[in-house]
Amino acid sequence: MIKSLENLIGSMKKLPGIGEKSALRYALWLINNSQDAKEIAKNIETAVNLKKCKICRNLCEDDVCDICLDSSRDKSTICVVETIETLINLESQHIYNGVYFVLWGLISPLEGIYAKDLDLDKLKENAQSAKEIILMLDDSIEGNLTAQYIIDMLDGNIKITKPASGIPVGYNINSLDRLTLQKAFQNRIPY
Ligand SMILES: [Zn+2]
């Protein structure tokens, strides 16, 4: 096979859920749609250079994200999420006016991810002036391990809540439909 096609297929296969067949299909599509392909390449180039907000780890173009800079947001409520997918979901529903903290992962001894690999010291620092910490994490072994670690770390001095009961056991936070997420978020309960 031509080397550059082989390289492109190899790159495609790195994407989650893309196998050999799909990789070939996408690679050929890109080659056949060179204008779109160039735009995709340009957008990837820009997006991968985004920074993480130095306060909350949200993605941003500068040092601090728009949410942290917004003086109308309630800095005393911090919603902890694994990825910005949850943040985007909540923001699109306009149901939350606090701030966030993005972990970019969950504690997972099986995958070799430990508390030190997440930026929990920064969360602890931010939590010092907070009144409520909302843990919007998956109901999974990793989600619960991470939640427990955060609860222990914050040492009982702060109100910690999670999405309400009534949502399915073992939920994946980003798989909940809009209305369920909204209800679960608004009717949150103590952890
Ligand atoms: Zn921020």
Side-chain angles (χ1 to χ4, degrees), residues 16 42-108 111 113-140 142-164 167 171-176 178 180-191:
K42 204 177 99 204
N43 289 337
I44 291 176
E45 183 78 46
T46 313
V48 295
N49 284 317
L50 285 171
K51 296 179 192 168
K52 287 179 185 163
C53 170
K54 64 180 184 185
I55 298 174
C56 77
R57 302 290 178 250
N58 183 15
L59 284 181
C60 56
E61 278 162 352
D62 297 308
D63 288 342
V64 179
C65 76
D66 289 347
I67 295 174
C68 289
L69 282 174
D70 185 345
S71 59
S72 72
R73 307 277 309 212
D74 171 16
K75 307 282 191 306
S76 71
T77 309
I78 302 174
C79 180
V80 179
V81 297
E82 179 192 352
T83 68
I84 67 162
E85 206 176 331
T86 318
L87 180 155
I88 292 168
N89 279 343
L90 288 171
E91 285 302 296
S92 70
Q93 300 196 49
H94 308 289
I95 51 173
Y96 178 57
N97 193 43
V99 291
Y100 294 90
F101 191 86
V102 187
L103 296 172
W104 293 99
L106 294 172
I107 297 172
S108 172
E111 288 176 50
I113 304 169
Y114 299 95
K116 64 174 171 49
D117 301 311
L118 309 177
D119 221 342
L120 294 168
D121 286 345
K122 182 67 190 152
L123 172 62
K124 193 175 181 181
E125 191 187 317
N126 294 2
Q128 278 172 0
S129 52
K131 293 198 184 88
E132 182 183 355
I133 304 289
I134 308 163
L135 299 177
M136 285 297 277
L137 305 173
D138 290 346
D139 184 19
S140 63
E142 293 80 10
N144 294 327
L145 263 177
T146 308
Q148 201 50 57
Y149 189 92
I150 293 171
I151 292 165
D152 293 343
M153 177 181 84
L154 298 178
D155 208 15
N157 291 323
I158 194 161
K159 182 176 163 195
I160 299 177
T161 56
K162 63 174 179 176
I167 47 179
Y171 56 82
N172 173 307
I173 209 86
N174 293 318
S175 303
L176 298 175
R178 244 179 117 86
T180 310
L181 179 77
Q182 184 180 341
K183 273 191 178 161
F185 183 78
Q186 287 174 326
N187 305 314
R188 47 192 187 269
I189 52 172
Y191 209 101

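Remember, it's 1-based here, ligands and their atoms both numbered in the order they're listed. Because only heavy atoms are used, hydrogens play no part in the values below, and waters and symmetry mates are left out as well, while side chains stay in.
- We find that K122 and E125 are joined by a salt bridge, their nearest charged nitrogen and carboxylate oxygen being less than 4.0 Å apart.
- Excluding water, every protein N/O/S atom under 2.8 Å from the Zn ion (ligand 1) is given here by residue and atom: C53 SG, C56 SG, C65 SG, C68 SG.
- Annotation: side chain to side chain contact (heavy atoms under 4.5 Å, CB included) contacts of N89 (sequence neighbours excluded): N174, L181.
- With sequence neighbours excluded, the residues forming a side-chain hydrogen bond (donor to acceptor under 3.5 Å, both in side chains) with D119 are R57, listed by chain and number.
- Between E91 and R73, at least one side-chain nitrogen of the basic residue sits less than 4.0 Å from a carboxylate oxygen of the acidic one, meeting the salt-bridge criterion.
- Of the possible polar contacts, none joining the D152 side chain to the Y149 backbone as a donor-acceptor pair under 3.5 Å is found.
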Identify each donor-acceptor pair in which a side-chain atom of residues 59-68 lies under 3.5 Å from a protein atom, sequence neighbours left out, and give them as a table.
{"from": "D63", "atom 1": "OD1", "to": "K51", "atom 2": "NZ", "distance (Å)": "3.4"}

